[in-house]
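A quick write-up on the structure given underneath.
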Amino acid sequence: MAAPSTDRVVYVGTYTGPGVAPDGHAPSTAVGIYVFRMRASDGHLTLVQVVPTENPSYLALDPTLTHLYCTNQNDVVAGAPAGRVSAYAVNAADGTLAFLDTRPTNGTHPAHLSVHPSGAYLLASNYGGGDYPVFRLLADGSIGPETDDPRASGTGTDPERQEGPHAHQILTDPDSRHVFGVDLGTDRIFIWSLDLATGKLIANAPSVAAVAAGSGPRHMVFHPNRRFAYVLNELSGTITTFEHDPVRGALAPQRTVSTLPASFTGSRSTAEIRIHPSGRFLYSTNRGHDSIAMFAIDEKTGALDPLGWEPTQGEWPRGMNLDPSGTFLYVANQSSDTIVIFRVDPSSGKLTPTGETVHTPTPVDVEFGERL
């Protein structure tokens with residue numbers, strides 16, 4: 001693992017005012033995407049730009065780091081679904097953003113998006129309706145026409161949160177063979193292949209994997225060795241380890257562990273999951289408990305061994321990410337308007353607060369751009 005040698009651009013997505021963020025308790029004062037410069041020596045963030053846009057709750061960069069895309073996680077406006085995705089060009093000199101265009105997702109609350117590793121398509125997920133719109137990306141990085149929009153169906157066992165499908169994430173495996181849609185409402189992960197000529201998502205064989213009923217899968221990550229995938233379950237406060245067949249795209253559940261201490265009796269609400277670049281450690285956030293759960297990964301079996309829980313020093317940690325070198329972990333405390341920075345011990349995986357706290361309104365997602 002290489003140590004950071006230069007500064008880097010950091011992008012932070014938010015829920016914007018004057019509304020109240022999901023699970024929030026006060027109107028937001030955020031206005032859009034916040035662009036920072038990360039100091040390599042200590043992880044400190046310096047604000048360099050604020051880009052006005054509505055509810056850019058999740059961000060994604062293309063493989064070349066020259067374009068950034070965001071969800072606009074809107075509900076219904078004037079009786080019509082108002083979810084959108086938007087595109088920005090990245091200034092190579094300082095990482096600042098210039099607006100390109102925006103497209104409707106024809107749904108509500110688009111909660112996640114990602115760029116296919118080919119750079120040819122933008123993949124999105126409408127949480128409100130349980131569908132996964134796909135858009136062609138044009139040569140200048142702008143968003144072209146929608147090419148597909150598969151929709152899930154079904155319910156789960158939680159009558160409030162699983163009354164129907166809720167598409168929470170869409171991502172591609174490390175080898176670009178398969179696309180996975182994580183659905184909180186039906187306790188399923190959908191598996192497709194993407195036809196690069198047409199932009200259609202084609203059902204894989206197998207076409208689905210499942211977690212335990214009522215788990216509410218939210219996000220998943222792949223281990224760098226391609227053999228394992230980890231699904232973070234929001235409603236049950238657990239992580240399910242799957243054995244991953246990178247050729248067939250199959251996911252076989254192996255074991256499930258809690259993200260919380262056995263003594264914890266409060267409500268469970270996980271949010272984000274990340275794997276250290278070394279492949280040795282996994283981290284997830286617990287909202288309510290306001291902690292980062294730390295695990296060691298057995299690279300032979302994929303098993304997770306709890307290392308403990310680090311307080312996030314803020315309320316309702318929704319987003320969290322590791323810088324590409326694996327030196328620092330940034331956690332976005334949505335309800336306390338802070339991003340708290342931790343240093344990662346490369347030997348133990350334990351986290352230590354650096355003392356650096358960035359005050360920024362209603363932070364949600366943290367993504368890393370080019371080195372400067």
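Remember, it's a predicted structure, so these values are computed and weren't measured experimentally.
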Name the residue from Y11, F36, F328, Y330 that meets the ring pair (Phe, Tyr, Trp, His ring centres under 6.0 Å) definition with F368.
Y330
If only side-chain N and O atoms count, and only distance matters, is there a donor-acceptor pair under 3.5 Å linking N225 with E299?
no
Please determine whether residues L329 and I275 belong to a single hydrophobic cluster, defined as Ile, Leu, Val, Met, Phe, Trp and Tyr linked transitively by side-chain heavy-atom distances below 4.5 Å.
no
With a 4.5 Å heavy-atom cut-off, do L123 and T172 have their side chains touching?
yes
Consider only side-chain N and O atoms of Q73 and S57, and report whether a donor and an acceptor are under 3.5 Å apart.
yes
So, for T270 and G237, which heavy atoms are closest and what is the spacing to 0.1 Å?
CG2-CA, 3.6 Å
Smallest heavy-atom separation, G141 atom then L100 atom, equals C-CD1, 3.9 Å
Any side-chain donor-acceptor pair under 3.5 Å between S325 and T327?
yes
With ring centroids as reference points, do H112 and H168 lie under 6.0 angstrom apart?
no
What do the steps show when you test T238 against S236 for side chain to side chain donor-acceptor pair (under 3.5 Å), and what is the final call?
CA-CA 6 Å; T238 60; S236 62; 2.7 Å; yes
Worked verdict on N72 versus N55 for side chain to side chain donor-acceptor pair (under 3.5 Å):
CA-CA 5 Å; N72 296 104; N55 295 319; over 6 Å; no
When rounded to the nearest 0.5 Å, the distance separating CG of L351 from CZ of F281 is 10.0 Å
Backbone N or O of P18 within a donor-acceptor pair of the S28 side chain at under 3.5 Å?
no
Side chain to side chain contact (heavy atoms under 4.5 Å, CB included), that's the test. Do V51 and Y88 meet it? Break it down for me.
CA-CA 10 Å; V51 182; Y88 298 85; 3.6 Å; yes
Verdict with supporting geometry, T354 and D42, side chain to side chain donor-acceptor pair (under 3.5 Å):
CA-CA 7 Å; T354 65; D42 60 5; over 6 Å; no
Does L194 share a hydrophobic cluster with L171, counting links as ILVMFWY side-chain heavy atoms below 4.5 Å and allowing steps through other members?
no
For a side chain to side chain donor-acceptor pair (under 3.5 Å) check, start with the C-alpha distance between S215 and D187, then their side-chain angles and the critical distance, and finish with the verdict.
CA-CA 6 Å; S215 295; D187 292 318; 5.0 Å; no
Could you go through N74 and H109, starting from their C-alpha distance and side-chain angles, then the distance that decides it, and tell me whether this counts as side chain to side chain contact (heavy atoms under 4.5 Å, CB included)?
CA-CA 5 Å; N74 302 326; H109 296 290; over 6 Å; no
How far does OG of S269 sit from CH2 of W316, to the nearest 0.5 angstrom?
4.0 Å
With a 3.5 Å distance limit and no angle check, can you tell me whether Y283 reaches the backbone of G349 through a side-chain donor-acceptor pair?
yes
Centre-to-centre under 6.0 Å for Y132 and W192, is that the case here?
yes
Starting at CD1 of I292, measure out to OG of S284 and round the result to the nearest 0.5 Å.
9.0 Å
Answer yes or no: is there a donor N or O on one side and an acceptor on the other, between the side chain of D337 and the main chain of H359, under 3.5 Å?
no
Tell me whether V208 shares a hydrophobic cluster with F242, the cluster being built from Ile, Leu, Val, Met, Phe, Trp, Tyr side chains joined at under 4.5 Å.
no
Taking the side chain from T71 and the backbone from Y58, do they hold a donor-acceptor pair closer than 3.5 Å?
yes
Could you tell me whether the side chains of T240 and T256 share a donor-acceptor contact shorter than 3.5 Å?
yes
For T312, run the side-chain hydrogen bond (donor to acceptor under 3.5 Å, both in side chains) check against D290, N333, T338 and tell me which one passes.
N333
Main chain of S347, side chain of R280: is a donor-acceptor contact present, judged purely on distance under 3.5 Å?
yes
Please give me the minimum heavy-atom distance between T53 and T16, naming the atom from each residue.
O-CG2, 3.3 Å
Looking only at atom types and distance, does a side-chain atom of Q334 sit under 3.5 Å from a main-chain N or O of P22, one as donor and one as acceptor?
yes
Keeping D158 on the side-chain end and R161 on the backbone end, is there a donor-acceptor pair under 3.5 Å?
yes
Rounding to 0.5 Å, atoms SG (C70) and CD1 (I33) come to a distance of 4.0 Å
One thing to verify: whether E234 and R287 come together as a salt bridge, which I'm taking to mean a side-chain N less than 4.0 angstrom from a carboxylate O.
yes
Going by an N to O cut-off under 4.0 Å, is there a salt bridge joining R274 and D365?
yes
Between S193 and N204, is there a side-chain donor-acceptor contact under 3.5 Å, judged purely by atom types and distance?
no
With heavy-atom distances below 4.5 Å as the criterion, would you say the side chains of T352 and D345 are in contact?
no
Applying salt bridge (Lys or Arg N to Asp or Glu O under 4.0 Å) to R37 and D7, what does each step give before you reach the verdict?
CA-CA 7 Å; R37 184 183 184 111; D7 293 358; 3.0 Å; yes
Pair E146 + R136, salt bridge at N-O below 4.0 Å:
no
Contacts of type side chain to side chain contact (heavy atoms under 4.5 Å, CB included), residue D245, not counting sequence neighbours:
V247, R248, A250
Locate the shortest heavy-atom distance separating H166 from Y127; write the atom from each residue and the value.
ND1-O, 2.8 Å
Distance (rounded to the nearest 0.5 Å) between Q169 CD and H219 NE2:
4.5 Å
Given E54 and R84, is the salt bridge (Lys or Arg N to Asp or Glu O under 4.0 Å) satisfied, shown in steps?
CA-CA 9 Å; E54 292 179 317; R84 293 183 288 112; 3.1 Å; yes
Between R39 and H44, is there a donor-acceptor pair closer than 3.5 Å when you use the side chain of the first and the backbone of the second?
no
State, yes or no, whether a side-chain contact exists between L97 and V90 at a heavy-atom distance under 4.5 Å.
yes
Has the side chain of H276 got a donor or acceptor atom that lies under 3.5 Å from a matching backbone atom of G326?
yes
Determine, using ring centers only, whether H244 and F222 are less than 6.0 Å apart.
yes
Sub-3.5 Å donor-acceptor pair from the side chain of S291 to the main-chain atoms of E310, do we have one?
no
For the atom pair OG1 (T6) and CZ (R371), what is the distance rounded to the nearest 0.5 Å?
5.0 Å
In L122, N106, N126, the residue satisfying side chain to side chain contact (heavy atoms under 4.5 Å, CB included) with P133 is N126
Salt-bridge criterion met for R226 and D175 (N-O under 4.0 Å):
yes
Ionic contact status for R318 with D23, cut-off 4.0 Å
yes
How close do P317 and V331 get, heavy atom to heavy atom, and via which atoms?
CB-CG2, 3.6 Å
Shortest non-hydrogen pair, Y121 vs T198, comes out as OH-C, 3.7 Å
Please determine whether residues L47 and M38 belong to a single hydrophobic cluster, defined as Ile, Leu, Val, Met, Phe, Trp and Tyr linked transitively by side-chain heavy-atom distances below 4.5 Å.
yes
Transitively linked via ILVMFWY side-chain contacts under 4.5 Å: I341 with Y34?
yes
Connected-component partners of V76 among ILVMFWY, side-chain separation under 4.5 Å:
none
